[in-house]
Amino acid sequence: MDKSIIKSIILQNQERIETIPLQKRKIKFEQQGNYVLVGLRRAGKSYMLYQNIQDRIQTGESKREDILYINFEDDRLLLRNQEDLDMVITAYQEMYVNHKPVVYLDEIQIVSGWEKFARRLADTQYQVFITGSNANMLSREIATTLGGRYIVREVYPFSFDEFLTYKGIELNSNWEYAPVATKVRGLFDEYFSYGGFAEVFSRADKREWINSLCQKILLGDIIARNDIRNASLIRLLVKKLAESVMQPTTQTRLLNILQSTGVKLGRNTISEYLSYMDDAYLTFSITNFTDSLAERISNRKRYFSDNGLLNNYLFDPITKLLENLVAVTLLKKYGGREDDDLYYYNKGVEVDFYVPSQGLAIQVSYNISDLDTRERETKALFKMATVFPLKKLMIITMDQETTIQEKEKTIEVVPVWKWLLREI
């Protein structure tokens, strides 16, 4: 790798990033902290780095020349190992003698041994920000190498309130009773169908862009990265997972579905493919709170990390999109790969979501005007409340709002677009 190319890229990035227009997101970094940002492709990880860089320069905390930003997906770079990474630091030091930069390493997971390099930077008192699009960056082995020197943040596409800010809507207290509520409800339909990827907000053909992103995730982050030979099989599996949103699904059931199409594969292959999808942040899963450990591994409810991604695979998506959006929102607040506090409950009755630490149980139903639907949803919550010390019972709908009382227990029925804009 020619060091002069690296120098040219460093300089170009310093000039380019300072002028990139941004909608600032709600993220705070400790002043001297080192961070690993992980999450779905195009979710905004790079822009969070840009935001931090611009904030530093605007406040005078750093000068332009103090910034060392490298995107490892830049096709001008051929950085593949630790020696190549060392060359980046050397190139900077030759450009700026006696400077110690703030280091931003974007999509570094493609470089073998990156975690050892990252630890060495932290050990030598560099401040470092790293991004990656694969959950393997959170593996126990890598975490051990990093040695507690980095703070991990999972990054998701825009929330509904961030989407509204992009659209120029600022909400004050009691906004629900003001004329702006009509605008909020109207904009919600777009967010509901096409999700939170900022790049899709201003596009006329949103579905085309989302379909292109799905192909990049499948081809680049799943198929190529894991050397999968049967690309059509992984596409079929994604389609079946989309159709199965809302329903607990065992690996055995998925295996039978795929084998019924004439495909020959084993249970281990299914398990690996599901893991690859989760690692790429395309999907995530929650388990039954009452299951045994073995059952939790095999029997899960699976969701997509953004409604736009799910909608790309469905023809009649409304009810699935509603539950998926609630799942994603709960995941951001209560989920996580190490400290999961989000489940579904299925033992005698079925409840869509259960958050034990909050005593929170949630059903999701598009409409409960039908008496049978209303009874089914409320009965499950009230019965679950006799088993667990629940503090809050909710039914999240598309537009209905009321309260349902039974003895000393109350169920709050709330429209999803209002629920998204308040503290749960």
Side-chain angles (χ1 to χ4, degrees), residues 1 6 10 13 27-41 43-53 55-56 61-62 66-74 77 79-93 96 98-156 221 225-226 275-276 278-281 284 331-341:
M1 181 73 202
I6 298 176
I10 290 172
N13 285 335
I27 185 167
K28 292 183 178 180
F29 298 116
E30 294 181 9
Q31 191 168 10
Q32 298 301 322
N34 299 313
Y35 287 86
V36 177
L37 306 183
V38 289
L40 188 65
R41 179 185 287 267
K45 301 181 297 296
S46 297
Y47 275 77
M48 287 186 173
L49 298 188
Y50 303 160
Q51 180 176 321
N52 184 260
I53 291 169
D55 288 344
R56 286 175 177 274
E61 183 179 353
S62 299
D66 297 327
I67 303 302
L68 170 54
Y69 171 90
I70 294 290
N71 183 346
F72 290 91
E73 292 187 332
D74 189 326
L77 292 171
L79 305 175
R80 292 294 179 264
N81 53 48
Q82 290 185 62
E83 290 73 20
D84 292 338
L85 292 172
D86 288 333
M87 191 184 300
V88 171
I89 299 299
T90 302
Y92 177 89
Q93 290 172 340
Y96 303 102
N98 297 324
H99 270 62
K100 177 166 281 190
V102 183
V103 181
Y104 298 85
L105 307 172
D106 206 353
E107 297 294 347
I108 197 177
Q109 78 280 342
I110 67 175
V111 181
S112 177
W114 68 267
E115 62 273 18
K116 296 178 181 178
F117 175 73
R119 172 164 177 161
R120 181 152 44 85
L121 288 180
D123 286 343
T124 51
Q125 306 306 308
Y126 284 90
Q127 186 173 15
V128 188
F129 294 81
I130 291 169
T131 76
S133 300
N134 193 286
N136 279 335
M137 296 183 73
L138 304 181
S139 70
R140 184 167 297 177
E141 292 78 9
I142 290 178
T144 299
T145 302
L146 295 179
R149 289 159 176 78
Y150 286 80
I151 300 168
V152 176
R153 294 272 181 86
E154 291 186 297
V155 177
Y156 299 91
D221 298 333
R225 183 173 292 169
N226 298 290
S275 176
Y276 297 155
D278 287 351
D279 285 345
Y281 287 94
F284 66 94
L331 175 73
K332 292 177 185 179
K333 191 172 182 67
Y334 301 114
R337 294 172 185 264
E338 299 298 330
D339 54 349
D340 200 11
D341 192 30

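Counting begins at 1 with the first residue of the sequence.
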* To do: List the steps and the verdict of side chain to side chain contact (heavy atoms under 4.5 Å, CB included) for E73 and D106.
  => CA-CA 8 Å; E73 292 187 332; D106 206 353; over 6 Å; no
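- Annotation: side chain of D84 is not in contact with side chain of V111 (no heavy-atom distance under 4.5 Å).
- Distance alone, capped at 3.5 Å, is enough to place a donor-acceptor pair between the Q127 side chain and the Q31 backbone.
- Without hydrogens or angle criteria, Y92 side chain to V103 main chain gives no donor-acceptor distance under 3.5 Å.
- Proximity of Q82 to R120: side-chain heavy atoms (C-beta onward) are separated by under 4.5 Å at one or more points.
- Closest heavy-atom contact between I70 and N13: CA-ND2, 4.4 Å.
- Between the side chain of K45 and the main chain of S133, no donor-acceptor pair closer than 3.5 Å is present.
- Residues in residues 120-148 take part in these ring-ring contact (aromatic ring centres under 6.0 Å, His included) pairs, two or more places apart or across chains: F29-F129, Y35-F129, Y104-F129.
- With values rounded to the nearest 0.5 angstrom, D66 atom CG is found 11.5 Å from I53 atom CD1.
- Going from atom CD of Q32 over to atom CD of Q125 covers 9.5 Å, rounded to the nearest 0.5 Å.
- Nearest heavy-atom pair, I10 versus V88, reported as atom, atom and distance to 0.1 Å: CD1-O, 4.2 Å.
- At least one donor-acceptor pair under 3.5 Å links the side chain of R119 to the backbone N or O of T145.
- Considering only residues two or more places apart in sequence or on other chains, Y50 meets the ring pair (Phe, Tyr, Trp, His ring centres under 6.0 Å) condition with Y47, Y69.
- Rounding to the nearest 0.5 Å gives a distance of 8.0 Å between CG of N136 and CG of N226.
- Checking side-chain atoms of T131 against main-chain N and O of E107 turns up a donor-acceptor pair under 3.5 Å.
- Around the NZ atom of K116, the shell of radius 6.0 Å holds no more than 12 heavy atoms that belong to other residues, nucleotides or ligands.
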* Take F117 and L105, measure what side chain to side chain contact (heavy atoms under 4.5 Å, CB included) needs, and give me the verdict at the end. => CA-CA 11 Å; F117 175 73; L105 307 172; 3.9 Å; yes
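- Looking at N52 and D55, their side chains never come closer than 4.5 Å, going by heavy atoms from C-beta outward.
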* Working for side chain to side chain contact (heavy atoms under 4.5 Å, CB included), residues Q109 and R225 -> CA-CA 11 Å; Q109 78 280 342; R225 183 173 292 169; 3.2 Å; yes
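- The two residues M137 and G132 come nearest to each other via the heavy atoms SD-CA, 3.2 Å.
- Checking each of I130, V128, L85 against L121 for a side chain to side chain contact (heavy atoms under 4.5 Å, CB included) leaves exactly one that passes, namely V128.
- Between I67 and S62 the shortest heavy-atom distance is CD1-CB, 4.4 Å.
- For the pair I142/W114, a side-chain contact is recorded, criterion being any heavy-atom separation below 4.5 Å from C-beta on.
- A distance of 11.5 Å separates CG of L40 from CG of N134, quoted to the nearest 0.5 Å.
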